[in-house]
Number of protein chains: 2
Amino acid sequence: MDSIRMTATAPKPVRSATGAVTEQLRQAIIAMEFPPGTRLSEGEIATRYDVSRQPAREALISLSKIGLVQVLPQRGTLVTKISTRHMMQVRIAREALETAIVQRACERFDPVIRSSIDAILETQERAATDGDYLTITQSDSQFHGAIAAAADCEMIWQMVLDVKAHMDRVRHLTLQDRDSMRILVRQHRAIINAIDARDPEQAEHAMRTHLLEILKDLPRVLAERADYFE
Amino acid sequence: MDSIRMTATAPKPVRSATGAVTEQLRQAIIAMEFPPGTRLSEGEIATRYDVSRQPAREALISLSKIGLVQVLPQRGTLVTKISTRHMMQVRIAREALETAIVQRACERFDPVIRSSIDAILETQERAATDGDYLTITQSDSQFHGAIAAAADCEMIWQMVLDVKAHMDRVRHLTLQDRDSMRILVRQHRAIINAIDARDPEQAEHAMRTHLLEILKDLPRVLAERADYFE
DNA sequence: TGACTTGATCTACCATACAAGTCCATACTA
DNA sequence: TAGTATGGACTTGTATGGTAGATCAAGTCA
């Protein structure tokens, strides 16, 4: 399990309190531990993660830049509700960035990183048959990140990570069955095959359909959990 | 002059010390008031803008997220040098995002905002003949922002603003002559014409050539000011 | 009754003090 | 002289006190 941390997407361990709180809080929000609309506060976060108010504050500011929380001056901080209008832009942005990445990947693709991708796909294959949701999501991020790294687009990948957080939050609401996991792995293979063949149009198309798949359950979630939306 | 603040791209006035310092520092870095490699420090910024260390610190953190400065823990903070590798990704990212915006603009374009764009173009026309660099850059940002707003892509525009900061810094180094200003206005007209005609391919093409123009002087700058690069 | 005032109690924001790591010049030692 | 400690002057990171603004409920006056 620890070997996957050697891939290009492995985040460097954060030693600072601010970084630690930011990361934990980010994951907690994505995992719906703090549902949309939840009222947070610097002091609350501080005591929860056993740090002072300052790191807690800076963590909230960081997440507000991404758009996961909303800081209302002198009033409070709350977890942003999901907005279909916002999700539309998130989808467009991620699609634009990641299709650009795979197109560049068809021109320039680091062979060393390429060889490491097969292992990621195998991990996904096993996780799909096992129905292992956690491993699927983690290795999915690794897959996309590895492609970006191989295409020398790591700065763009950082941008993708920010918008991806919103999609991950929605995805966490859609209960993943084995079928959709298998579809995901198949789509991943289609993407990497197109890159291997240096076919930009095919790669772009494969990536686009893959990303479209992620949000196809959004209307259902909207109907079921209207309180999470605005 | 104040009427232009009514357009969609006008940032809401920041009353907080952190916001004010962030904005001033950002513009100062873009204007090369702090050249790449300059060593900053929280205390230094604090005294310069007459605030305490805390707002200065948070401003530096914000700019480090964009990539304009680099915070080295316990060591210092410096203005990031220009990297051709980084600028390549900046160009790809902005191209991807803004072509996506104009494509969406061909499907959906707010007529009220559309009508305000003509005034922006006229302002640019005057500024180009006058050789007014400041007005050109300001209204350029307004033009792109207005298109994003009309296409209901304001969240994507925020992302563009971040990467645009890097391109603006390079652009500030290339002394703008009247000819290139006129080219800029002509390209803007080509973009808006394509959107008016609801021609996605043409709009994308026009935007792409326009953005390509901005960085065409990058090699010359690299040769002249190698100390700004890494 | 209804509009307004007031005050208690939240909040984020800012200022300041302290802690800990880094760098560098200087002094010391072999 | 070359190498190594060492102490001080930086830096960012963290903790905490205090302030202004927002909210809301209770009270007051018409």
Side-chain angles (χ1 to χ4, degrees), chain A residues 11-29 33-81 158 230, chain B residues 11-29 33-81 158 230:
Chain A
K12 54 169 175 280
V14 277
R15 51 168 47 74
S16 70
T18 300
V21 172
T22 304
E23 192 51 35
Q24 293 186 63
L25 194 54
R26 172 195 166 96
Q27 292 183 0
I29 292 175
E33 200 171 331
F34 297 108
T38 304
R39 205 150 177 288
L40 305 176
S41 87
E42 297 177 358
E44 193 180 338
I45 301 299
T47 58
R48 185 178 215 272
Y49 294 103
D50 195 41
V51 293
S52 80
R53 273 168 29 220
Q54 200 54 41
R57 167 179 169 77
E58 287 174 8
L60 287 175
I61 292 178
S62 289
L63 296 182
S64 78
K65 305 253 179 208
I66 303 177
L68 285 182
V69 304
Q70 191 174 6
V71 178
L72 309 175
Q74 263 73 29
R75 292 178 59 190
T77 303
L78 22 116
V79 179
T80 52
K81 292 209 171 187
Q158 288 301 317
E230 68 172 5
Chain B
K12 55 170 173 279
V14 279
R15 51 169 46 74
S16 70
T18 300
V21 172
T22 304
E23 192 49 36
Q24 292 187 64
L25 195 53
R26 172 194 166 99
Q27 292 184 1
I29 291 175
E33 201 171 331
F34 298 108
T38 304
R39 202 151 177 286
L40 304 176
S41 87
E42 297 175 0
E44 192 181 338
I45 300 300
T47 58
R48 184 179 216 272
Y49 294 103
D50 196 40
V51 294
S52 81
R53 249 192 66 206
Q54 203 53 42
R57 168 179 170 79
E58 287 173 8
L60 287 173
I61 292 178
S62 290
L63 296 182
S64 78
K65 306 251 180 209
I66 304 176
L68 284 183
V69 304
Q70 192 175 6
V71 178
L72 309 175
Q74 260 77 31
R75 293 178 61 190
T77 303
L78 19 117
V79 180
T80 52
K81 292 209 170 186
Q158 288 302 316
E230 66 171 7

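For the numbers below, each heavy atom of this structure counts, side chains included, while hydrogens, waters and symmetry mates do not.
Counting to the nearest Å, the C1' atom of dA12(C) and the CD atom of Glu58(B) are 10 Å from each other. Between the P atom of dT14(D) and the CG atom of Asp50(A) lies a distance of 13 Å, rounded to the nearest Å. One atom, CD of Glu44(A), and another, C1' of dA12(C), lie 14 Å apart when rounded to the nearest Å. One atom, CD of Gln54(A), and another, P of dC18(C), lie 17 Å apart when rounded to the nearest Å. As rounded to whole Å, 11 Å separates atom P of dG18(D) from atom CZ of Arg53(A). Regarding Arg15(B), its CZ atom lies at a distance of 12 Å from the C1' atom of dA22(D), rounded to whole Å. The CZ-C1' distance, from Arg75(A) to dC10(C), rounds to 12 Å in whole Å. Protein atom CD of Glu42(A) is 15 Å distant from nucleotide atom P of dT14(D), rounded to whole Å.
Closest to the side chain of Val71(A), from the set dT16(D), dT11(D), dA12(C), is dA12(C). The nucleotide whose nearest atom lies closest to any side-chain atom of Ser41(A) is, among dT12(D), dA15(D), dA12(C), dA12(C). Considering only side-chain atoms of Gln74(B), the nucleotide from dT11(D), dA15(D), dT11(C) that sits closest is dT11(D). Closest approach to the Arg39(A) side chain among dC14(C), dT11(C), dT14(D) is made by dT11(C) (side chain taken as heavy atoms from C-beta onward). Among dT14(D), dT12(D), dT16(C), the nucleotide with an atom closest to any side-chain atom of Pro55(A) is dT14(D).
Residue Leu60(A) is out of contact with every strand shown, counting any heavy-atom pair closer than 4.0 Å.
At dA15(D), one or more side-chain N or O atoms of Ser52(A) fall inside 4.0 Å of OP1 or OP2 (strictly under the cut-off). Phosphate proximity of dG13(D) to Thr18(A): absent, as no side-chain N or O sits under 4.0 Å from OP1 or OP2.
Residue side chain Arg57(A) does not reach the base of dG13(D) through any donor-acceptor N/O pair under 3.5 Å, judged by distance alone.
A 4.5 Å side-chain heavy-atom check between Val69(B) and Phe34(B) finds every atom pair outside the cut-off. In this structure the side chain of Ile29(A) never reaches within 4.5 angstrom of the side chain of Thr38(A), judged on heavy atoms.
Atoms CD1 and CD1, on Ile61(B) and Ile61(A) in that order, are 7.5 Å from each other to the nearest 0.5 Å. Here the straight-line distance linking atom CZ of Arg39(A) with atom CD of Glu44(A) works out to 9.0 Å at 0.5 Å rounding.
Judged by distance alone, with hydrogens and angles left aside, the side-chain atoms of Thr80(B) form a donor-acceptor pair with the main-chain N or O of Leu68(B) at under 3.5 Å.
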